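Bear in mind the structure is a predicted one, so any value in this text is a computation, not a measurement.
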Amino acid sequence: MLLAYFLSHSASPHTVGQWRLPRSFQGLRYDRPEYWEHVARAAERGGIDMIFLSDSYSIYETYRGSSDDTLRFAVQCPRHDPLPLIPIMARVTQHVGFVATLSTAFLPPFWTARMFATLDHLTEGRVGWNLVTTAGELEAKQFGQTLDEHDQRYARAEEYLALCRSLWDSWAPDAIVADRVQGIFADPKKVAPIDFQGEYFSSHGRFTVPHSPQGHPLIAQAGSSSAGSAFAGRHADLVFGLRHSTQGMREFQTRVHDVARQANRRPEDVRILWGIVPIVAETRTEALRKQQAIRDNVTVEAGLTMLSAFLNIDLSQFDPDLPFPDIAETSGIRGHLSVITEDFPRDTPLAEIARHFAAGQGPHIVGTAAEVADKLQQLLHEGGGDGFICISHTLPGCMDEFSDLVIPELRRRGLRPSGYDHRTLRDRVSASS
């Protein structure tokens, strides 16, 4: 069972109002190194495989055509750059991996390849790239650009990744000689010049970063559209799925495995992690109390603000007390629309769906350590997949509780190793297949 923590460099990463829950950020600030050192140590103490850092480049203003409610309710904002966190967390750990989100829409491939190769060296092979194509028009405006059509974004991403891989592969693993006697540092014959000219990108010259411990960072992907699934099937080592029923989980897994086969890959080489919101306590009563506190923090307006941004549709035009409107297509995150239309009853009010997404996006897994472990086992048995990505709520307490309560229970059942058996993140993920 692979396990990850899902965070972002924010006061309110994924659960609206979590910044003001009674036990959040006690004695710590999300914008200080000490907080992220605490997070990293908690993850490593529990033997967690990776910390998954989401990101976006805008403050949402889809709902009512304004960003006021986003700021008022701290709907996934403010949001700082996640990449500088990785060296901070890597310094206080030896094993846990770090998967950072970066879009192919705005930054040059050379910059991205150089950054991830550098981070792979600094972490000794513990880095992954959550490759996104960006669905938000507001994010494009931040860069003074326009957003490509959906399928074109994935065509662009194909070329983007191909160039990055060419750069990463251009240094042979043994190119550095470091011969002090002869004064030769690197063998020029083992550093290939890049001469890449594509439809969207070009790069010419030698790459500046030698071959890193993993060679390539682990590639993660969360696309649920047909183009996104096809891209993941061809390239992803790890896929993040968000479903609210075991039937939906099975259908998602079948789709991912089918596109992997079409790309001449083994289905088991594409690992699937399901998003969940684990809420655990010493007693079920206490866990339910925590869940209620999370839900009470979310107003309908905050939920609609978040869901409007996800779907790129201003939901203020619809009556929140009526069932979710008949929306067949979106330029936003199509995976979320699929979850709503396929996993929720058709008569579910819009307000209820919006508040659910703002209370953590994923299904709530609530109870004692044993009850949570039971549910995780059941989900994998009935729905398939390879593990879970734990969406945060009370920070950093929810990570401490999961590491200290649930992980020992999973280890007793033989579902988690007692420690880390593999050095690089790629080897750890591959070994679980």
Shortest non-hydrogen pair, V239 vs A232, comes out as CG2-CB, 3.9 Å
With side chains defined as the heavy atoms from C-beta onward, is the minimum distance between M399 and V39 less than 4.5 Å? yes
Does a salt bridge link D314 with R64, judged by any charged N lying under 4.0 Å from a carboxylate O? no
SB check E352 R355 (cutoff 4.0 Å): no
Using the benzene-type ring in the case of Trp, are the ring centres of F252 and W274 under 6.0 Å apart? yes
Under 3.5 Å, side chain of S24 to main-chain N/O of R20, donor-acceptor pair present? no
Between Q262 and D258, does any side-chain donor sit less than 3.5 Å from a side-chain acceptor? no
Could you tell me whether the side chains of H235 and R165 share a donor-acceptor contact shorter than 3.5 Å? yes
Would you say the side chain of Q253 lies within less than 4.5 Å of the side chain of H257, judging by non-hydrogen atoms? yes
Check step by step if salt bridge (Lys or Arg N to Asp or Glu O under 4.0 Å) holds for E401 and K290. CA-CA 12 Å; E401 292 160 354; K290 289 181 182 180; 2.9 Å; yes
Taking side chain as C-beta onward, heavy atoms only, is L218 less than 4.5 Å from V429? yes
Can we say R271 and D237 salt-bridge, meaning some charged N sits less than 4.0 Å from an Asp/Glu carboxylate O? no
So does H14 get a backbone contact from the side chain of Q18, meaning a donor-acceptor N/O pair under 3.5 Å? yes
Does a salt bridge link E409 with R413, judged by any charged N lying under 4.0 Å from a carboxylate O? yes
When the aromatic ring centroids of F143 and Y57 are compared, is their separation below 6.0 Å? yes
R45 bridged to D404 by N-O distance under 4.0 Å: yes
So, H364 side chain and A359 main chain: donor-acceptor pair closer than 3.5 Å or not? yes
For a quick check under 3.5 Å, do S308 and T62 share a side-chain donor-acceptor pair by atom type? no
Output, in order, the C-alpha distance, side-chain angles, deciding distance and verdict of ring-ring contact (aromatic ring centres under 6.0 Å, His included) for F324 and F344. CA-CA 10 Å; F324 186 82; F344 285 86; 8.9 Å; no
For the aromatic rings, using the six-membered ring if either is Trp, is the centroid distance between F52 and F98 under 6.0 Å? no
Is the closest basic N to carboxylate O distance between R234 and E158 below 4.0 Å? yes
State whether the side chain of R153 and the backbone N or O of T134 hold a donor-acceptor pair below 3.5 Å, judged by distance alone. yes
Is it the case that the ring center of H95 lies less than 6.0 angstrom away from the ring center of H422? no
D400 and S403: side chain donor to acceptor below 3.5 Å: no
Counting heavy atoms not belonging to R79, are there more than 12 under 6.0 Å from its CZ? yes
Ignoring hydrogens and angles, tell me if any N or O in the side chain of E159 forms a donor-acceptor pair with the backbone of E199 under 3.5 Å. yes
Does E34 have more than 12 heavy atoms from other residues, nucleotides or ligands lying within 6.0 Å of its CD? yes
Give me the atom names and distance for the closest heavy-atom approach of M50 to L273. CE-CD1, 4.5 Å
Is E37 paired with R32 through a side-chain N to carboxylate O contact shorter than 4.0 Å? no
Hey, is the main chain of A113 close enough, under 3.5 Å, to the side chain of W168 for a donor-acceptor pair? yes
Between L425 and G128, the two heavy atoms sitting closest are CD2-N, 4.0 Å
Between OG on residue S212 and CG on residue L122, distance to nearest 0.5 Å: 10.5 Å
Between E286 and R289, does any side-chain N to carboxylate O distance fall below 4.0 Å? yes
Point-to-point distance, once rounded to the nearest 0.5 Å, from CZ of R284 to CD of Q291: 8.5 Å
Going by heavy atoms in the side chains, are T133 and R156 under 4.5 Å from each other? no
Report yes or no: does T299 contribute a side-chain atom to a donor-acceptor pair with the main-chain N or O of A302 at less than 3.5 Å? yes
Do Y420 and T93 meet the criterion of a side-chain donor-acceptor pair at a distance under 3.5 Å? no
Which heavy-atom pair separates H9 from D81 by the least distance, and what is that distance? ND1-O, 2.9 Å
Determine whether the side chains of H216 and D120 contain a donor N or O and an acceptor N or O closer than 3.5 Å. no
Between CG on residue N130 and OG on residue S54, distance to nearest 0.5 Å: 8.5 Å
More than 12 heavy atoms of other residues, nucleotides or ligands under 6.0 Å from CD of E382: yes or no? yes
Would you call L376 and I276 a side-chain contact if the rule is heavy atoms closer than 4.5 Å? yes
Side chain proximity check, V132 to T104, heavy atoms < 4.5 angstrom: no
Yes or no on side-chain hydrogen bond (donor to acceptor under 3.5 Å, both in side chains) for Y63 and T70, after CA distance, side-chain angles and deciding distance? CA-CA 9 Å; Y63 185 64; T70 304; over 6 Å; no
CG-CG distance between L85 and L53, expressed to the nearest 0.5 angstrom: 6.0 Å
With a 4.0 Å cut-off on N to O distance, would you call D427 and R126 a salt bridge? no
Can H244 and H356 be said to form a side-chain hydrogen bond (donor to acceptor under 3.5 Å, both in side chains), step by step? CA-CA 11 Å; H244 289 70; H356 175 86; 2.8 Å; yes
From CA spacing to verdict: side-chain hydrogen bond (donor to acceptor under 3.5 Å, both in side chains), Q292, D296: CA-CA 6 Å; Q292 191 59 51; D296 289 346; 2.8 Å; yes
About how many Å separate CG of N297 and OG of S12, when rounded to the nearest 0.5 Å? 9.0 Å
What I'd like to find out is whether the side chain of F207 reaches to under 4.5 Å of the side chain of W171, using heavy atoms alone. yes
Evaluation steps, ring-ring contact (aromatic ring centres under 6.0 Å, His included), between Y30 and Y35: CA-CA 6 Å; Y30 78 94; Y35 170 76; 7.6 Å; no
On a heavy-atom basis, the closest approach of V92 and A40 is CG2-CB, 4.0 Å
Is the shortest side-chain N to carboxylate O distance from R346 to D326 below 4.0 Å? no
Heavy-atom nearest pair, E139 first then S58, reads CG-OG, 3.5 Å
Taking side chain as C-beta onward, heavy atoms only, is I219 less than 4.5 Å from L238? no
Would F231 and L131 count as a side chain to side chain contact (heavy atoms under 4.5 Å, CB included) here? Give the steps. CA-CA 10 Å; F231 184 93; L131 188 157; 3.8 Å; yes
So how far is it from Y60 OH to S67 OG, rounded to the nearest 0.5 Å? 12.5 Å
ring-ring contact (aromatic ring centres under 6.0 Å, His included) evaluation trace for F201 with F110: CA-CA 10 Å; F201 306 105; F110 179 89; over 10 Å; no
